[in-house]
Amino acid sequence: MKVSLYLRNRVNAKGLSPVYFKVSNGRGDQAKTPTQLTVNKRYWKSGQVSTKHSNADILNTELRNLRNKGEEAELKWTTGQFNNTREVIAFLQGRQDNHSLDAFLHTTLKADIKEGDYNNKRWALSAFKNVLNHKGDLMFSDITPNYLAKYRKLGQAIVRRKELKPSTLTSYGQYTVGILTEARRRGVITEIPNLDTAYYFNFGKSHKDVPSHTWQELLNAINNADTIQKWQSCALWLLQFGLRGITNADVSRISDKLLVELVDIRGKERLVSVENKDLMREVYIDYGRSKNSQPMIIQLFPPTLTLLKYLKNTAVYTYIDKKLPNGKRIIRGMEDRTNVFDYEKTTNEKFHSRLWAARQDKFKLISDDKIQFSNARNSVYQVGEGLGIAHMDLEKLVGHEYGVSSKSYSNLSKPKTIRRLSKQHRDILEEFRYPHLINRLVKKLYEICANEKVPNWILASAIVGKNTMLTIDIDEYGNVKENTPKTVKIEPKYLKYFTNTKEIEVDSLDNDDDRLQRIYSKLAKEVKSDLKVVHQVDTNNSSAKVS
């Protein structure tokens, strides 16, 4: 590994070039980072400046210090104190500081872990210190059995006051001790005391109520959603609930490529990929949760499919210009009918948090019931509890680990198991009046369109010409007009997301008026069914057969 100094070609407003560190560990592993120095490149040679440069003595002293810093980094690499170029860069930037748990986490460890993992550790460490009223940095030597005993005593009092759940306090402690363990693993500290964390992080049973929401609370929020942004908040919550309580991190990973169906192949049913886009039958999403990769084979019932259709259309409208920090757009075209957002949360933590926070905030404007996206899973679980569904089945439904032997013996891909869990899923949706909520949500969207707050093409549309779409015509109350085909111009930036939709088959010999009328009649028939509670959540036990 080699650390050297070099000049960037670009100059600042004063005509000076910035001095950079360059870290090389072979051709495929190189990194660069700026220093605080800038010099006139006319007088630069071999890492120094000539006497003709103003303040040459001061600059050369600083440049020697930088070279010494680079040599120190090379020595730390040689002696095994650094394991990758990111650690070297952190050292050169002066960010590597291991005098405390806080410093170790925010410098050395931060450079090597995912942003989400870092945030979890940062928040947990802060909360751990807050319980103990610990001011300033937490030193490695502070973590002793006596200190954890104090944490346990204070934590038990917090649980008795119903301020926090035992599992929350346990996670704070485990994250903090985990930072300590990682510091020893890297040689930052040589030893840690014997800590009986099973005892010190045991806070008894919780009596704090786990929050959830009722269908009446969601209905009230829907009725108050008078903008497309507020509407989307309700739609995203209901999407999470309709897919058995998946989290917002899971939503961006849902895609048509995960669609499967049960097919009878020579007398044995198997899960196979769905080859076409006809989803109005028994289809599932074969999904592994973001948090723990637990398998969740989730049936897409008709109300959820209806929700996805309108949510996808509105997302094209509201998020068309939304981009990740790397410039990538977050909306896929209509060729993927189940994907609402297209990005990877683990590499875009801040973006993800801000995206969902913007929709979470809208609930404050339409409800005083403190509706939270994070409570969708709680709501699924508690509705299932009320129906008498066994807790082991509820854990399977929401994607939690369930029992000691499950990893060795359980198989959630068995057709009978899939259909049994789908029936329980259906019962939960019916108990929550899910088809009726989706129906009211769709009607609300038509009302928003009738007030001309969003274009009508988000309701139902078909491409019928260049930059032209046929859309449903509605009156001032959001009711569909009979037999009135209406073409609208649509901006190319929106239109491109509809170019891969399944074409509606029409007779090419028809004249334009007949063709438009035929397409419109099919669109109108579809949206009229959306505006009625006709999508029952029945499980069809018949499966396709392959000879």
Side-chain angles (χ1 to χ4, degrees), residues 239-240 242-313 315-316 328 330-346 396-399 406-407 410-426 429 497-505 526 535 537-547:
L239 177 64
Q240 290 182 236
L243 296 178
R244 293 180 6 196
I246 65 171
T247 67
N248 54 28
D250 297 306
V251 169
S252 64
R253 297 176 58 220
I254 298 298
S255 169
D256 285 3
K257 65 184 179 182
L258 301 177
L259 293 173
V260 293
E261 59 182 331
L262 284 166
V263 174
D264 189 320
I265 302 177
R266 293 181 292 278
K268 184 176 182 180
E269 281 191 312
R270 302 176 186 174
L271 281 174
V272 299
S273 296
V274 173
E275 295 297 330
N276 59 57
K277 300 294 185 181
D278 178 17
L279 303 184
M280 297 307 291
R281 61 185 196 276
E282 186 182 342
V283 293
Y284 303 84
I285 291 177
D286 188 357
Y287 184 71
R289 275 192 61 209
S290 296
K291 186 174 182 179
N292 55 16
S293 298
Q294 279 292 107
M296 296 177 70
I297 301 173
I298 306 170
Q299 185 163 359
L300 285 176
F301 290 110
T304 310
L305 288 168
T306 297
L307 170 61
L308 274 168
K309 177 179 71 175
Y310 288 100
L311 184 54
K312 177 82 176 182
N313 280 10
V316 170
K328 180 180 178 296
I330 67 168
I331 298 295
R332 286 184 192 170
M334 289 297 170
E335 71 276 8
D336 195 321
R337 295 165 65 185
T338 56
N339 180 263
V340 180
F341 301 127
D342 181 25
Y343 65 87
E344 179 57 52
K345 171 187 176 288
T346 56
K396 296 174 185 177
L397 282 168
V398 300
S406 59
K407 291 183 179 179
S410 180
N411 182 356
L412 298 183
S413 298
K414 290 287 187 181
K416 287 186 177 180
T417 301
I418 291 172
R419 288 200 171 99
R420 181 173 61 81
L421 293 176
S422 288
K423 181 181 182 303
Q424 293 171 339
H425 178 194
R426 178 196 66 193
L429 295 182
Y497 285 92
F498 294 91
T499 55
N500 291 319
T501 54
K502 186 178 179 182
E503 293 291 341
I504 298 177
E505 296 180 3
E526 180 180 348
H535 286 170
V537 285
D538 294 329
T539 301
N540 179 5
N541 289 329
S542 63
S543 59
K545 294 184 179 294
V546 177
S547 59

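The analysis underlying the following values was restricted to heavy atoms, covering all of them including side chains, and did not include hydrogens, waters or symmetry mates. Counting from 1, the numbers follow the sequence of the chain as shown. Everything numeric here is computed off the predicted structure, so don't read it as measured data.
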inquiry  = In the structure I gave you, are the side-chain heavy atoms of Y284 and L259 within less than 4.5 Å of one another anywhere?
reply    = no
ask   = Closest heavy-atom contact between S255 and N339?
value = CA-CB, 4.3 Å
request  = Report yes if some heavy atom in the side chain of T304 is under 4.5 Å from a heavy atom in the side chain of I298; otherwise report no.
outcome  = no
request  = Could you tell me the separation between the OH atom of Y310 and the CG atom of L305, rounded to the nearest 0.5 Å?
outcome  = 12.5 Å
ask   = Between M296 and L397, what is the shortest heavy-atom contact and its length?
value = CE-O, 3.2 Å
ask   = Crowded around K328 NZ? As in, over 12 foreign heavy atoms under 6.0 Å?
value = yes
key: pair L308-R337: side-chain heavy atoms closer than 4.5 Å   = no
ask   = To the nearest 0.5 Å, how far apart are CG in L239 and CG in L311?
value = 6.0 Å
ask   = How far apart are the closest heavy atoms of N313 and M334, and which atoms are they?
value = OD1-CE, 2.9 Å
request  = Indicate the atoms forming the closest heavy-atom contact of H425 with G242, along with that distance.
outcome  = NE2-O, 3.0 Å
query = Which atoms form the tightest heavy-atom contact between Q240 and I246, and what is the distance?
reply = NE2-O, 2.9 Å
inquiry  = When you compare the side chain of D342 with that of D336, does any pair of heavy atoms fall below 4.5 Å?
reply    = no
request  = Indicate yes or no: at least one non-hydrogen side-chain atom of L258 is less than 4.5 angstrom from one of T338.
outcome  = no
query = At what distance, to the nearest 0.5 angstrom, does NZ of K345 lie from CG of N248?
reply = 7.5 Å
inquiry  = Nearest 0.5 angstrom please: D286 CG to L271 CG, how far?
reply    = 6.0 Å
ask   = Is Q299 close to R419 at the side-chain level, that is, under 4.5 Å between some pair of heavy atoms?
value = no
Close side-chain approach of V283 and V260, heavy atoms under 4.5 Å = no
note = Interatomic distance, CZ@F341 vs CZ@R253, rounded to 0.5 Å, equals 16.0 Å
request  = Find the distance between OG (S422) and CG (L300) and round it off to the nearest 0.5 Å.
outcome  = 10.0 Å
note = Here the pair of heavy atoms bringing V340 nearest to A315 is CG1-CB, 4.2 Å
query = Is any side-chain heavy atom of E261 closer than 4.5 Å to a side-chain heavy atom of V272?
reply = yes
